[in-house]
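Structure record follows, encoded as structure tokens.
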Amino acid sequence: MDDDRISLAHGNGGRFMRELIEDVFARHLGEDGLDTQADAVPIPLNGGEVLITTDGFTVQPLEFPGGDIGSLAVHGTTNDLAVAGARPLYLTLNAFIEEGFEIAFLDRIVASLARAARESGVRITAGDTKVLRRGEGGGLYLATTGVGMRLPGVVPSLDRIEDGDIMIVSGPVGDHGTAVMLAREDFGLRGDLVSDAGPVMALTEALLGLDGLRFMRDPTRGGIASIAHEIHRATAFGVRFEPTIPVRDPVQSVCDMLGYDPYYLACEGRVLAVVAPDQADEALAAWRALDEGKDAARIGRISAQDERVILETELGGERFLEELEDDPLPRIC
Amino acid sequence: MNGKAATRDGPLAELAVSPAQETRESVRITLAGHVQGVGFRPFVYRLASRHGIGGRVQNRLGEVDIIASGPAAVLRQFEADLIAKAPPLSRPLITGIERLEPRHDTAFLIAASSTDADARIFVPPDYFMCDDCRRELQDPGDRRYRYPFINCTQCGPRYTLIRSLPYDRRNTSMASFPLCADCEREYLDPANRRFHAEPVACPACGPRVSYEVPGAEAAVDAAAALDAAIGALRGDRVVAVKGIGGYHLVCDASRAEAVAELRRRKLRPDKPLAVMFPIAGDDGLDTVRRHAILGDAESELLASAARPIVLVTRRPGSTLADNVAPGLNEIGAFLPYSPLHQLLLEAFGYPLVATSGNISGEPVLTDNDEAARRLATVADAFLHHDRPIVRPADDPVFRRIGGRMRPLRLGRGCAPLEATLPWRQPGALLAVGGHMKGALALSWDDRVVVSPHIGEMDSPRSLAVFEQVAADLQALYGVTADRIVCDAHSGYTTHQWARRQAVPVETVWHHEAHASAVAAEFPRPGPWLVFAWDGVGLGEDGTLWGGEALLGAAGDWRRVCSLRPFRLPGGERAGREPWRSAAALHWECGRQWDDCPDEHGLAELAWRRRLNAPLTSAAGRLFDAAAALICGQTHTSFEAQGPMQLEALASSHRHPVYLPLTRGRNGILASDWEPLLEIIADQDRSPQERSEIFHASLAQLIVQQACRIRNEHEIGQVGLSGGVFQNRLLTELAIDGLARRGFDVFLPEQLPCNDAALCYGQAAHLAAAAGICA
């Protein structure tokens with residue numbers, strides 16, 4: 001048997017499994033509170049409202065410029081709590097490892113996960129490991145549950161959105177989606193394309209004090225266009241994107257070449273917020289004062305007059321941004 | 001224009017006739033065709049009075065019903081004159097003459113319309129002023145001298161100002177202009193040619209023009225407004241002029257600087273701009289002839305009441321600025337189509353660029369405030385008027401192809417287009433068309449009414465106009481759709497709109513709609529073989545079709561031939577980037593293309609991994625590839641820019657390259673374009689030669705496919721449908737080749753062959769599939 005790789009025995013509950021947990025998971029996560037022995041752990045929560053979320057991670061490739069599946073699992077989960085107005089505190093972790101997976105690789109990913117958790121101020125408090133037969137998994141899948149506490153201030157929600165509200169985004173869009181796509185398709189390394197994966201807690205907490213804050217979301221799968229559709233569906237208001245959406249040049253040029261629209265591509269470290277018009281400038285200023293929000297921009301508005309999601313172009317034109325379809329077929333040529 | 005309109009009890013007019021001395025006869029004459037909303041009843045009234053005939057005329061069931069009594073010889077002359085002297089806008093057809101017991105009518109009446117609900121309603125289009133109005137416009141003694149809104153029952157706006165039925169002034173955008181005593185007198189006098197001319201107006205009571213420079217004081221006096229606009233145009237300014245169906249952006253067509261500035265502001269670097277010419281000479285076309293070579297067909301159409309844009313060959317030495325239509329040897333010419341334009345061109349004296357006042361791809365702007373806002377960065381000044389435009393009608397465009405004038409776009413003056421189907425439509429159907437060149441159709445009984453061009457359907461304004469026209473056509477014709485038909489492509493705005501409606505939705509495949517469109521226009525027995533060639537449309541197998549040959553009949557098609565398919569790198573981007581098609585052909589054949597703009601090899605890698613690289617068999621993409629390789633046109637700024645320039649390069653016939661036709665795994669015969677790739681990529685041959693071989697080879701491919709199918713199946717006739725056949729060179733070569741092999745060939749001529757006809761094709765397809773002959 002190859003000692004460097006995951007075998008089915010690593011999932012059988014015996015010595016191999018114990019050693020894997022001790023050598024990899026406990027080594028990286030134990031100091032921060034992971035009790036690998038207990039079936040269940042107590043977590044101290046001091047009153048207030050608890051928010052809970054769960055997420056699964058199947059990203060390919062497992063490592064990409066700017067992150068990996070480990071850091072992504074932390075950011076993805078904690079960011080969901082953050083945009084709901086909570087401070088993330090605890091995570092659970094499930095690892096589904098494919099037989100034959102290199103242990104050193106696993107170690108690298110768990111180390112990255114631990115680092116991301118420390119940066120985000122969350123503790124991994126419970127975990128589980130399963131080994132999948134060769135060919136039944138994509139190397140490694142992670143599943144998480146996140147627990148956080150509601151922070152004082154506004155409770156952001158779709159219900160709060162009003163006609164005329166302003167949409168702002170904390171930085172350029174499409175970086176994560178582009179970086180992962182290029183890495184997945186093995187297009188070769190491009191130094192200027194890096195995932196934006198990272199914590200957004202500073203961004204969200206900066207806005208919770210504004211009573212004009214309506215709603216926040218991290219534009220992951222489906223990008224900002226899909227959030228706009230979510231807003232439209234929930235409120236029946238139209239959503240208008242203005243020609244000010246920040247997209248970094250290398251992202252735009254890759255999208256142009258491949259025929260993708262960056263507004264549909266995922267971010268993993270950005271926040272889209274809807275704020276009352278009279279507090280939009282204040283919200284933007286608060287974000288721009290932060291490092292992760294220095295490129296924040298106003299990108300559109302809520303418009304009851306309209307019935308759809310509309311993109312205003314620089315040429316003074318307007319077009320519909322349709323809901324994302326799987327492999328959209330060209331309509332025009 | 002309608003049977004339901006008149007609800008008056010008594011006759012509208014009565015004329016006393018002196019009793020005849022000789023033996024009298026009485027007949028009942030029924031006329032159909034375009035006989036409503038065109039002053040037909042007053043014409044009959046005047047004709048009867050001239051002949052001393054008694055009786056009455058009445059609108060009934062959408063037909064005109066006449067009872068006439070008089071001497072036999074006079075009646076015969078009256079019958080002949082009904083057709084021969086009919087008002088220019090009418091198209092009467094005598095459908096019945098019945099001898100009655102002799103009657104002793106002492107008067108001739110215009111009877112109130114029958115209120116039958118089944119009236120065959122026609123909504124008339126907007127026409128240029130008639131000769132009578134033109135004479136008044138130019139007569140200093142006339143009270144409408146130089147009045148920009150002069151009209152009568154024979155001319156003027158209709159479709160763009162009718163709000164609802166009945167077609168009475170109060171239901172038009174003229175409702176806010178109460179008639180002065182003089183106009184009212186004309187309006188009520190059956191002997192007057194303005195009898196019930198709903199938009200009748202004069203300087204005292206009618207609409208007015210105004211001139212506005214943003215930030216400056218407006219000139220309200222009509223003469224001053226026109227003078228100010230002329231002054232601005234002479235100073236190379238861009239003026240937005242409100243017309244009948246929308247705004248134009250206007251500038252001096254002889255001044256390259258002015259044209260360049262308009263292009264720069266409108267972000268329209270290359271697309272050809274239409275040119276409006278002053279009327280001069282006997283037939284009005286002398287100025288056009290100084291700049292263009294006109295055939296009889298072009299001349300006749302240019303001067304017709306519809307006043308369409310006609311593509312004409314530019315005359316060498318024309319003083320029009322070259323950047324009016326860069327890289328092309330045709331210009332889009334038209335004559336003034338309203339009194340306002342007539343006055344403008346007369347005063348300016350030279351051709352003016354007159355391009356649609358819109359944001360690229362959207363419907364033409366119609367509202368004063370919206371135009372002022374959205375054209376603020378484009379126009380230096382605005383020549384507005386205060387007659388509201390109820391719905392837009394952009395300028396129609398025609399081109400001579402295969403010896404006939406054919407529409408490329410329906411619009412003002414020729415829409416709504418009213419067509420008849422050889423089948424009966426079950427129920428009432430709304431056909432919503434495609435995604436580009438949006439237009440919609442309403443179909444019931446054996447009728448199809450097609451809207452004017454709306455625009456590219458992915459903009460909110462296009463959808464808003466689309467929804468308005470869909471509702472208006474149903475209201476105007478008194479028909480409520482109980483079904484909707486749309487293209488099968490679920491990404492089309494019109495498809496999604498259809499799905500949101502409360503009535504059942506059917507889908508028709510893109511190219512089947514194209515095929516049914518041509519087959520419905522020319523009802524013929526025997527199976528059709530239709531070449532449906534265009535940009536792209538979704539096919540039954542989930543790939544993007546566009547180089548297909550379909551066998552069958554309207555409503556029932558089978559794909560029998562296609563082109564060798566290839567993958568389009570970057571999907572929809574290929575539409576504005578012909579280099580992608582050129583690259584695809586190279587990669588598909590395992591070749592390198594050295595001039596490929598894909599610097600980092602990213603597009604090629606993605607293409608190899610089938611990332612956003614859908615499979616297509618579209619002929620339009622072959623044209624793009626050829627344009628990229630032959631004209632160096634890697635990126636374009638408007639649809640079909642590459643193919644248009646490619647066609648402009650070619651002038652004479654060349655021997656085609658043989659393209660092998662083999663049966664693919666799907667059982668479909670496919671022509672392989674690979675031998676042609678070598679030629680179009682061959683830098684040692686001149687661009688002209690390569691373009692000529694390209695056109696000849698594709699035409700030959702069509703002939704070859706038709707002959708091959710004829711060996712296996714009976715073919716009654718061949719149809720050509722789809723936007724590719726706007727290319728005159730290819731189409732005429734194909735028609736010639738097919739005719740030489742004994743095929744009867746048909747190309748749409750009532751409707752455009754492009755996607756604008758999809759709505760008509762969808763309606764025809766479903767009516768034919770239902771199988772009830774009209």
Side-chain angles (χ1 to χ4, degrees), chain A residues 60 177-178 180-193 229 232-233 236 238-241 243 250-261 264-265 303 305-333, chain B residues 266-267 359-362 374-378 434-436 456-463 487 489-493 496 534-538 542-544 546 568-577 580-581 597-603 605-606 609 611-614 616 618 620-621 624 639:
Chain A
Q60 294 290 341
T178 313
V180 168
M181 176 175 64
L182 292 193
R184 179 173 59 237
E185 301 298 337
D186 203 11
F187 281 114
L189 284 178
R190 286 173 56 110
D192 47 358
L193 280 161
H229 276 279
H232 167 61
R233 266 195 314 277
V239 179
R240 277 186 169 265
F241 283 111
V251 170
Q252 188 63 57
S253 89
V254 166
C255 284
D256 284 346
M257 198 45 85
L258 301 188
Y260 287 113
D261 189 334
Y264 292 95
L265 295 180
S303 160
Q305 273 185 57
D306 296 299
E307 295 171 358
R308 309 283 295 279
V309 178
I310 292 162
L311 175 70
E312 297 175 354
T313 68
E314 279 171 30
L315 319 184
E318 300 172 339
R319 67 177 173 91
F320 293 123
L321 267 191
E322 303 289 1
E323 230 178 328
L324 182 65
E325 288 191 47
D326 183 40
D327 273 346
L329 279 171
R331 299 169 301 178
I332 60 165
C333 263
Chain B
K266 210 187 171 198
L267 298 152
I359 308 296
S360 181
E362 291 187 9
R374 298 196 71 191
L375 299 176
T377 57
V378 187
H435 193 71
M436 304 288 283
E456 317 308 357
M457 289 309 304
D458 54 3
S459 81
R461 182 166 152 72
S462 295
L463 188 64
D487 193 277
H489 195 310
S490 63
Y492 284 11
T493 307
Q496 295 171 359
D534 64 0
V536 292
L538 183 63
T543 72
L544 298 166
L568 267 185
E572 201 158 281
R573 299 272 166 145
R576 291 286 183 275
E577 299 181 17
R580 293 177 183 273
S581 297
D598 178 25
E599 287 167 33
H600 305 288
L602 203 59
L605 256 171
R609 289 171 200 280
L611 216 62
N612 200 16
T616 184
R621 304 283 69 75
D624 267 4
E639 196 199 0

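Residue numbers start from 1 in every chain, and the chains themselves are labelled A, B, ... in the order their sequence lines are given, proteins ahead of strands.
The contact between B:L611 and chain A is made by backbone and side chain atoms together, counting heavy-atom distances below 4.5 Å. For A:E322, the part lying near chain B is the side chain, with the backbone staying farther off; criterion is any non-hydrogen pair under 4.5 Å. Using a 4.5 Å cut-off between heavy atoms, B:L605 touches chain A through backbone and side chain atoms alike. For B:P460, the parts lying near chain A are the backbone and the side chain together; criterion is any non-hydrogen pair under 4.5 Å. Interface residue B:S490: backbone and side-chain heavy atoms are both found under 4.5 Å from chain A.
Using a 4.5 Å cut-off on side-chain heavy atoms (C-beta onward), B:E456 and A:R319 make no contact. For the pair B:Q496/A:E323, no side-chain contact is recorded, criterion being any heavy-atom separation below 4.5 Å from C-beta on.
Of all non-hydrogen atoms in A:G317 and B:E362, the two that sit nearest each other are CA-OE2, 4.0 Å. The two residues A:L258 and B:N612 come nearest to each other via the heavy atoms O-ND2, 2.9 Å.
Residues satisfying the side-chain contact (heavy atoms from CB on, under 4.5 Å) test with B:A613, not counting sequence neighbours, are B:R567, B:W607. Scanning for side-chain hydrogen bond (donor to acceptor under 3.5 Å, both in side chains) contacts around B:Y492 gives B:H510, with sequence neighbours left out.
Ranking A:D306, A:I310, A:D186, A:D256 against chain B, the residue ahead of the rest is A:D256, based on heavy-atom pairs under 4.5 Å.
Distance alone, capped at 3.5 Å, is enough to place a donor-acceptor pair between the B:R573 side chain and the A:Y260 backbone.
Interatomic distance, CZ of A:R184 versus CZ of B:R609, reported as 10.5 Å (0.5 Å rounding). Distance CG/B:L463 to CD/A:E307: 8.0 Å, rounded to 0.5 Å.
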